[in-house]
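Residues: numbered from 1 along the sequence shown. Being a predicted model, the structure only gives us computed values, none of them experimental.
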Amino acid sequence: MTDAPPPFELLPGAGHSPVILHVPHAAREIPRSVRAGIALGDGELARELDHITDAHTDRIAEVAAGLAGVTPWRFVNRLSRLVVDPERFPDEREEMLAVGMGAVYTRTTHGDALRSEGVEAGPLVQRYFLPYARAMTEAVADRLEATGRAVIIDVHSYPSRRLPYELHGEGPRPAVCLGTDSFHTPPALLDAAREAFGESFGETELDTPFSGTYVPLEFYGKRPEVSALMVEIRRDTYMTEPGGPAGPGLERLGGALAGLVDAVSPAEPSGR
């Protein structure tokens, strides 16, 4: 066992694809040096990982990439979000600080202590969060340079029953929740997602129980050529909860996601 597994991986797609499938929360891996700062016993940690990990979403993205007519790029976090959560703000702008889940979590999904409340988040942010953010920024910039646009599709999952940490979990819990941003989610992208997932799952809702989507801060609110959508998949549609094996729904979801990828991808490289 290595103490420093690769923190993330960019898997290349077609040169003319603007699409990046971003998979931030699929992994369970925690380096030994980080594990030493987590207060949970091994059994407790395993249970927390069952609840907090978006299990098999990397596989859903992999299936989609294999089925898509234009292969998308994939940016995959290879470390657990209990190391750092790359989709949180690393400062006081983050509303999830209210439940101990900023960029560096101090509380579990059920409100128990994960780390000391006085933990210094800076070293983990420097070691893991900032390199991830830089690499994702570079991946988006590369798609912009190559194709003139970038389409970030954030691939997540969520439990069928609300967990205590959820700040806005009182609303509907559809099979597929589409998280949007008023600046970065154009109607055409949203329509394509509704069609792709509606055909197979029927039930889609906007921004419930989770809202928003991920755009690197360098582009956020500034570059409309960067479009983004969060796809939150209810876990009972494809796996045994919590943390269990995937079922046949995974392949269906991969196919639906491939349909979305193709709907927003050019058939041929621009200029031909």
Side-chain angles (χ1 to χ4, degrees), residues 5-11 13 19-30 46 48-68 71-88 101 105 109 132 135-136 139 151-161 163 165-166 173-180 193 196-197 200-201 203-205 207 209-215 228-261 264:
F8 49 80
E9 187 173 10
L10 177 63
L11 299 162
V19 179
I20 300 172
L21 298 180
H22 181 221
V23 187
H25 294 158
R28 296 173 66 100
E29 185 69 41
I30 300 173
E48 179 62 13
L49 287 167
D50 286 346
H51 288 295
I52 199 66
T53 303
D54 292 353
H56 315 297
T57 50
D58 52 345
R59 176 62 182 153
I60 293 171
E62 181 183 10
V63 169
L67 293 175
T71 305
W73 296 64
R74 284 179 286 150
F75 194 103
V76 184
N77 189 4
R78 297 303 186 190
L79 297 180
S80 169
R81 64 197 290 191
L82 297 185
V83 179
V84 295
D85 191 331
E87 294 207 318
R88 302 285 199 247
M101 289 186 166
Y105 294 0
T109 50
Y132 189 107
M136 186 63 183
V151 183
I152 304 167
I153 301 175
D154 223 14
V155 185
H156 290 260
S157 70
Y158 75 98
S160 58
R161 293 187 178 184
L163 290 173
Y165 83 95
E166 297 179 25
R173 303 180 83 82
V176 178
C177 159
L178 301 174
T180 68
F197 290 102
S200 297
F201 298 93
E203 186 186 3
T204 63
E205 297 279 354
D207 295 311
F210 298 96
S211 63
T213 188
Y214 176 79
V215 176
L229 180 75
M230 178 171 66
V231 177
E232 284 272 6
I233 304 158
R234 202 179 66 219
R235 291 176 189 156
D236 63 348
T237 63
Y238 74 92
M239 64 174 284
T240 301
E241 298 181 87
L250 187 148
E251 297 290 334
R252 291 173 57 221
L253 283 160
L257 184 57
L260 172 57
V261 169
V264 298

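Annotation for Gly244 and His56: closest pair O-NE2, 2.8 Å, computed over non-hydrogen atoms. The nearest pair of heavy atoms linking Ile52 to Arg81 is O-NH1, 2.9 Å. The two atoms that bring Glu166 and Arg161 nearest to each other are OE2-O, 4.3 Å, heavy atoms only. Pairing each heavy atom of Phe75 with each of Leu10, the nearest pair is CD1-CD1, 4.0 Å. What you find for Arg234 and Ser160 is that their closest heavy atoms are CG-CA, 3.8 Å. Nearest heavy atom pair, residue Phe210 against residue Cys177, reads O-SG, 3.2 Å.
Panel note: side chain Arg173, backbone Pro159; a donor-acceptor pair is recorded below 3.5 Å.
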What's the verdict on side chain to side chain contact (heavy atoms under 4.5 Å, CB included) for Ile20 and Met136, showing C-alpha distance, side-chain angles and the deciding distance? CA-CA 10 Å; Ile20 300 172; Met136 186 63 183; 4.0 Å; yes
Run the side chain to side chain contact (heavy atoms under 4.5 Å, CB included) test on Val83 and Glu29 for me, step by step, so that the C-alpha distance in whole Å, both residues' side-chain angles and the decisive distance to 0.1 Å come before the verdict. CA-CA 9 Å; Val83 179; Glu29 185 69 41; over 6 Å; no
Just do the side chain to side chain contact (heavy atoms under 4.5 Å, CB included) check on Leu257 and Leu21 with the steps written out, would you? CA-CA 10 Å; Leu257 184 57; Leu21 298 180; 4.2 Å; yes
Would you please test Asp207 and Leu178 for side chain to side chain contact (heavy atoms under 4.5 Å, CB included) and show each step? CA-CA 6 Å; Asp207 295 311; Leu178 301 174; over 6 Å; no
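Residues Pro174 and Glu232 form no side-chain contact, since every pair of their non-hydrogen atoms from C-beta on lies 4.5 Å or further apart. Between Glu251 and Val63, the closest side-chain pair of non-hydrogen atoms falls below 4.5 Å. The shortest distance between side-chain heavy atoms of Tyr158 and Pro209 falls below 4.5 Å. Between Phe201 and Ile233 there is no side-chain heavy-atom pair separated by less than 4.5 Å.
Distance OH/Tyr238 to CG/Leu253: 8.0 Å, rounded to 0.5 Å.
Looking at Glu48 and Arg28, no side-chain N of the basic residue comes within less than 4.0 Å of a carboxylate O on the acidic one, giving no salt bridge.
If you check the side chains of Ser157 and Arg235, you find a donor sitting under 3.5 Å from an acceptor. Counting only N and O atoms by type, the side chains of Tyr132 and Asn77 include no donor and acceptor under 3.5 Å apart.
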